[in-house]
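Remarks on the structure that follows.
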Amino acid sequence: MRKGQEPEARSGSGAGPGQARERAGGAGPGMKLGRAALGLLLLAPLAVRAVEPISLGLALAGVLTGYIYPRLYCLFAECCGQKRSLSREALQKDLDSKLFGQHLAKKVILNAVSGFISNPKPKKPLTLSLHGWTGTGKNFVSKIIAENIYEGGLNSDYVHLFVATLHFPHASNITLYKDQLQLWIRGNVSTCARSIFIFDEMDKMHAGLIDAIKPFLDYYDHVDGVSYQKAIFIFLSNAGAERITDVALDFWRSGKQREEIKLKDMEPALSVSAFNNKNSGFWHSSLIDRNLIDYFVPFLPLEYKHLKMCIRVEMQSRGFEVDEDIVTKVAEEMTFFPKEERVFSDKGCKTVFTKLDYYYDD
């Protein structure tokens, strides 16, 4: 199963650990010398030319396979964990400049991810469940996390995205999906302990399916010889969005700032909502029952001012100067709820980007 493709639905099929490693990790330090060997020869001092050829060859072989070669290889291709250790400052800068109206999510993500990456011996994988309406920034945060850990971001060989309606569409194939999911995760973590797995549309996933990965998220040093303690699992869901909106609306109606909302005002209700939602992939899930999800992260509905922030950033990313008249026009074209108060955008920032095309149509 590759990214963007549905698992094969043949009985007894599914990539085994060896196949998954081959497809997920790509060519590794065991590939032919090629470019790395050439680079080493170019870097070698002129003095080595005077060394007896056979002795030099043996020495180079030992150095290449034992230490230098893997490092040189990683100069030309992506390797597991090749990016220098995650910078808390860089992650915070990305969150501050790209994510708007989400003070709770920013704080949780910054502390959880930076703390986990800096811990040399975590007790379990980092498991985050992101909740909120479409367009509030859940997918965007997953992208930011991936980019701060791997140069390739979501396109990295070590970042794996599963979309419920695409990869697990048929309820009749749940048993097959469970087997394939376990094999896929086991194979990829065997290749790279710092693998990232993102599960989108958890509210559309068939109940019971996600419980297949419960052993990988638990407090085990090893499962069948593989350690999952350095992996990261991120779940994205609309489940609980109603509760988040109710809290945010109550604060607004009472004249309080949304920044006064605390995680304790949201998190317990989110876990209960996801657990009891029959239309959610977390319905009566052992992941929640066994407290294996580290954080339930609420994404608040966005207000008019946050849409304008999104529009300005999109303008700048396209190389345009910020035109406040256009910013206002695009923001006013969006629809808001509740109908009487019109406080929150019903689509968040999801469609403001396409609406800009109308004003910059060549």
Side-chain angles (χ1 to χ4, degrees), residues 91-110 113 128-148 153-154 161 163 198 200-204 234-249 251-252 257-259 261 266 270 297-339 341-361:
L91 177 58
Q92 181 164 17
K93 182 179 179 181
D94 277 350
L95 291 171
D96 288 341
S97 62
K98 300 175 181 178
L99 184 67
F100 308 115
Q102 304 298 351
H103 68 285
L104 292 175
K106 284 183 182 180
K107 183 176 182 179
V108 174
I109 297 300
L110 179 62
V113 175
L128 305 171
S129 189
L130 315 185
H131 296 260
W133 292 121
T134 298
T136 53
K138 302 185 301 294
N139 291 88
F140 206 49
V141 162
S142 325
K143 181 174 181 288
I144 290 173
I145 293 173
E147 289 174 346
N148 274 268
L154 293 177
L161 173 64
V163 180
I198 302 170
D200 197 5
E201 298 184 346
M202 280 299 300
D203 49 302
K204 297 180 178 65
I234 303 173
F235 304 104
L236 313 181
S237 176
N238 290 347
E242 296 88 352
R243 172 59 182 164
I244 296 172
T245 297
D246 288 343
V247 172
L249 197 55
F251 270 71
W252 182 84
Q257 297 294 318
R258 65 193 281 132
E259 288 73 21
I261 300 175
M266 299 277 197
L270 279 182
V297 187
F299 281 70
L300 305 175
L302 299 182
E303 299 175 12
Y304 178 81
K305 62 183 178 181
H306 303 128
L307 297 189
K308 297 181 82 170
M309 293 177 183
C310 294
I311 297 166
R312 292 187 189 105
V313 168
E314 178 65 13
M315 284 181 170
Q316 292 169 341
S317 70
R318 298 187 186 190
F320 301 126
E321 291 186 10
V322 174
D323 185 326
E324 290 298 332
D325 288 337
I326 293 179
V327 170
T328 299
K329 288 178 181 178
V330 173
E332 289 179 347
E333 288 178 5
M334 307 299 289
T335 55
F336 296 83
F337 71 96
K339 282 187 177 181
E341 293 141 310
R342 300 187 74 250
V343 182
F344 304 123
S345 167
D346 62 355
K347 296 180 180 177
C349 286
K350 197 172 186 71
T351 61
V352 298
F353 315 120
T354 55
K355 287 185 178 296
L356 267 180
D357 293 336
Y358 174 79
Y359 296 94
Y360 291 100
D361 184 12

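When reading the values below, keep in mind they use all heavy atoms of this one structure, side chains included, and skip hydrogens, waters and symmetry mates.
Considering every non-hydrogen atom in both Val297 and Ala105, the closest pair reads CG1-CA, 3.6 Å. In terms of heavy-atom proximity, Gly101 sits nearest to Leu302 at CA-CD2, 4.4 Å. The shortest heavy-atom contact between Leu307 and Met334 is CD1-CG, 3.6 Å. Counting all heavy atoms, side chain and backbone alike, Ala331 lies closest to Ile311 at N-CD1, 3.7 Å. Nearest heavy atom pair, residue Val322 against residue Met315, reads CA-SD, 3.9 Å. Contact between Leu270 and Ala239 at its shortest, heavy atoms only, is CD2-O, 4.4 Å.
Side-chain contact check for Val330 versus Phe353: every heavy-atom pair is 4.5 Å or farther apart. Looking at Tyr304 and Ser345, their side chains never come closer than 4.5 Å, going by heavy atoms from C-beta outward. Side-chain atoms of Val113 and Asn148, non-hydrogen and from C-beta on, never get closer than 4.5 Å to each other. Within the 4.5 Å cutoff, the side chain of Thr245 has heavy atoms near those of the Trp133 side chain. The shortest side-chain heavy-atom distance between Leu161 and Val163 falls under the 4.5 Å cut-off. Using a 4.5 Å heavy-atom cutoff, the side chains of Val313 and Phe100 are in contact. With contacts defined as side-chain heavy-atom distances shorter than 4.5 Å, the pair Leu236/Met202 does not qualify.
Here the straight-line distance linking atom CG of Leu130 with atom OG of Ser142 works out to 5.5 Å at 0.5 Å rounding. Here CD of Gln102 is found 10.0 Å from CD of Glu259. Values are rounded to the nearest 0.5 Å. The line from CG of Leu300 to NE2 of His306 is 8.5 Å long, rounded to the nearest 0.5 Å. Here the CD1 atom belonging to Ile144 is positioned 11.5 Å from the CG atom belonging to Asn139, to the nearest 0.5 angstrom. For the atom pair CZ (Phe299) and CZ (Phe140), the distance works out to 11.0 Å, reported to the nearest 0.5 Å. To the nearest 0.5 Å, atoms CH2 (Trp252) and CD (Glu303) are separated by 8.5 Å.
Environment of CD in Glu324: crowded, with over 12 heavy atoms of neighbouring residues, nucleotides or ligands closer than 6.0 Å.
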*Does the pair Phe336 and Lys347 meet the rule for a side chain to side chain contact (heavy atoms under 4.5 Å, CB included), with working shown?*
CA-CA 8 Å; Phe336 296 83; Lys347 296 180 180 177; over 6 Å; no

_side chain to side chain contact (heavy atoms under 4.5 Å, CB included) assessment of Ile326 paired with Thr328_ = CA-CA 5 Å; Ile326 293 179; Thr328 299; over 6 Å; no

_With side chain to side chain contact (heavy atoms under 4.5 Å, CB included) as the criterion, how do Lys138 and Asn238 come out once you've worked through the C-alpha distance, each side chain's angles and the decisive distance to 0.1 Å?_
CA-CA 10 Å; Lys138 302 185 301 294; Asn238 290 347; 3.5 Å; yes

*Step by step, work out the side chain to side chain contact (heavy atoms under 4.5 Å, CB included) result for Ile198 and Leu154.*
CA-CA 10 Å; Ile198 302 170; Leu154 293 177; 3.7 Å; yes

*Apply the test salt bridge (charged side-chain N to carboxylate O under 4.0 Å, His left out) to residues Arg318 and Glu314: give CA-CA distance (whole Å), side-chain angles for both, the deciding distance (0.1 Å), then the verdict.*
CA-CA 6 Å; Arg318 298 187 186 190; Glu314 178 65 13; 2.8 Å; yes

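Distance alone, capped at 3.5 Å, places no donor-acceptor pair between the Arg258 side chain and the Phe251 backbone. A donor-acceptor pair under 3.5 Å is absent between the side-chain atoms of Lys350 and the main chain of Thr136, judged by distance alone.
Considering only residues two or more places apart in sequence or on other chains, Lys143 meets the salt bridge (Lys or Arg N to Asp or Glu O under 4.0 Å) condition with Glu147. Residues satisfying the ring pair (Phe, Tyr, Trp, His ring centres under 6.0 Å) criterion with Phe344, sequence neighbours excluded, are Phe337. The side-chain hydrogen bond (donor to acceptor under 3.5 Å, both in side chains) search around Thr335 returns Asp346, not counting sequence neighbours.
Ring orientation note: the planes of Phe320 and Tyr360 are close to parallel, at an angle under 30° on the 30°/60° scale.
Just one of Arg243, His131, Met266 meets the side chain to side chain contact (heavy atoms under 4.5 Å, CB included) condition when paired with Pro298; it is Met266.
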